[in-house]
Amino acid sequence: MRTMNSAQNPVASVTDATLPTPASTSAAAPPASDPSTAFKVLGAISVAHLMNDMIQSILLAIYPMLKASFSLSFAQIGMITLVYQLAASLLQPFIGFYTDRHPKPYSLPVGMGFTLVGLLLLSVAPSFGWLLVAAVLVGTGSSVFHPESSRVARMASGGRHGLAQSLFQVGGNVGSALGPLLAALFIIPHGQGSVAWFSLAALFGIVVLTGIGRWYSANRVRLKPRARRDAAGNGLSRNQVLGALTVLGVLVFSKYFYLASLNSYFTFYLIGKFGLSVREAQLYLFLFLAAVAVGTVVGGPIGDRVGRKIVIWVSILGVAPFTLMLPYANLFWTGALVVVIGMVLASAFSAIVVYAQELVPGKVGMIAGLFFGFAFGMGGVGAAALGKLADATSLGYVYQVCAYLPLLGVVAILLPNVEKPRAGNTRG
């Protein structure tokens with residue numbers, strides 16, 4: 001892996017890697033060359049992503065409590081996920097398309113504001129209908145957050161796009177892993193009203209995102225020359241680009257339809273098959289989501305070095321043997337297999353997003369919104385469809401069917417080569 005050396009351009013490193021105060025913003029001078037990777041900015045946007053996705057995962061993590069409190073069926077649980085994921089997916093490409101033309105640095109804290117309102121409503125929702133409204137608000141916050149925050153990650157990358165996307169996305173994965181753990185420790189024992197305490201995380205996220213908005217506003221003008229170079233053509237025809245995007249869509253479908261079976265129903269599966277308590281099942285879900293976080297942070301840098309197409313190919317198709325074994329494993333091997341599945345499968349998404357941005361150069365926000373949105377949408381549709389299937393059959397049967405989805409990874413062989421030579425690979 002390349003050494004993260006910000007000393008190559010000391011002036012740019014200090015300027016780029018620090019969230020500016022109002023006094024320092026106007027004094028920043030444009031550097032003569034590309035800035036180095038702004039790790040402090042990437043760290044800040046990753047922390048904000050952690051807050052955002054932690055809050056979202058709390059909704060998923062308290063499903064067993066909501067199911068008991070509101071006497072919900074699996075189909076209704078799937079419906080909550082569906083409306084949340086649709087709200088989180090349908091708006092994203094349009095927001096990304098608009099902000100590609102008209103950047104909105106301070107839309108980031110506004111998006112977190114939607115999440116905050118949804119979280120507070122979730123803590124007091126008196127009926128299934130209000131649960132759906134809360135889920136829509138949380139999803140809307142996510143749809144505003146992801147396109148612009150992905151753009152910030154690319155702006156701060158210093159050209160190391162896979163690394164930047166991984167650092168950005170790992171915050172979300174860590175947040176997704178923390179949600180079930182915190183739910184098991186604090187919400188399950190104290191009930192629905194205790195969800196409101198997590199509004200403090202949303203408020204903290206708003207503060208962080210306001211600072212990121214200042215950096216974004218101050219740096220977007222001087223980073224335009226690099227953006228124009230990033231927008232250079234890749235030599236592919238329109239039909240080749242559309243074909244490659246279709247292949248990526250199939251891969252995202254495979255990945256997120258399978259992940260829906262684990263994110264929404266893994267705790268129920270463990271409780272039903274192995275007799276675990278809700279808290280014990282939540283800890284296994286945390287283990288899986290922590291593995292997803294590790295896989296995410298590893299996938300981007302490896303893609304920068306060996307090529308994103310290889311990472312996409314290995315991470316989707318390579319997980320198939322483990323998904324096929326999962327429905328027949330005992331409790332110990334179930335825990336071991338979901339760790340492997342989470343790590344391998346998660347390594348693909350950073351590579352998919354950056355690869356797609358290279359397919360359609362100059363449309364960073366639109367592509368990020370499209371793929372984050374499509375991923376969330378597939379997760380929602382998958383949760384609803386699998387909930388129906390679980391009601392009609394069993395969760396064991398659901399995992400037997402879903403085990404074959406990663407075999408769709410074979411279509412990655414159809415992806416063209418769009419990556420530019422990695423001159424940085426020669427660095428120490």
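Counting begins at 1 with the first residue of the sequence.
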Test ring-ring contact (aromatic ring centres under 6.0 Å, His included) applied to Phe74 and Phe268, step by step: CA-CA 10 Å; Phe74 283 124; Phe268 296 112; 5.2 Å; yes

Drop me the distance from Leu59's CG to Leu66's CG, to the nearest 0.5 angstrom. 7.0 Å

Quick one: are Tyr258 and Ile341 in side-chain contact, heavy atoms under 4.5 Å? yes

Within the 4.5 Å heavy-atom criterion, are Val339 and Met343 side-chain neighbours or not? yes

Enter the distance from Leu182:CG to Ile55:CD1 here, rounded to the nearest 0.5 Å. 11.0 Å

If you measure from CG on Leu251 to CG on Leu405, what distance do you get to the nearest 0.5 Å? 12.0 Å

Among Ser149, Ser142, Ser143, which one satisfies side-chain hydrogen bond (donor to acceptor under 3.5 Å, both in side chains) with His146? Ser142

Can you give the donor-acceptor pairs under 3.5 Å from side chains of residues 200-212 to other protein atoms, not counting sequence neighbours?
residue: Thr210; atom: OG1; partner: Ile206; partner atom: O; Å: 2.8

Under a 3.5 Å cutoff, is there a donor and acceptor pairing between the side chains of Arg214 and Tyr106? no

So how far is it from Leu178 CG to Ile58 CD1, rounded to the nearest 0.5 Å? 9.0 Å

Could you list the residues that satisfy ring pair (Phe, Tyr, Trp, His ring centres under 6.0 Å) with Tyr63, not counting sequence neighbours? none

Do Gln76 and Ser73 have side chains that approach each other closer than 4.5 Å (heavy atoms only, starting at C-beta)? yes

By ring pair (Phe, Tyr, Trp, His ring centres under 6.0 Å), which residues pair with Phe266, not counting sequence neighbours? none

Evaluate side chain to side chain contact (heavy atoms under 4.5 Å, CB included) for Ser315 paired with Leu345, printing each intermediate quantity in order. CA-CA 5 Å; Ser315 64; Leu345 200 56; 5.9 Å; no

Counting only heavy atoms from other residues, nucleotides and ligands, does the tally under 6.0 Å from CZ of Phe70 exceed 12? yes

At what distance, to the nearest 0.5 angstrom, does SG of Cys402 lie from OH of Tyr397? 10.5 Å

Listed partners of Phe114 passing ring pair (Phe, Tyr, Trp, His ring centres under 6.0 Å), at least two apart: none

Test of understanding: with ring pair (Phe, Tyr, Trp, His ring centres under 6.0 Å), list the residues that count as partners of Tyr404, not counting sequence neighbours. none

Which donor-acceptor pairs under 3.5 Å do the side chains of residues 269-278 make with protein atoms, sequence neighbours left out?
residue: Tyr269; atom: OH; partner: Lys273; partner atom: NZ; Å: 3.1
residue: Lys273; atom: NZ; partner: Pro327; partner atom: O; Å: 2.9
residue: Ser277; atom: OG; partner: Glu280; partner atom: N; Å: 3.1
residue: Ser277; atom: OG; partner: Glu280; partner atom: OE1; Å: 3.4

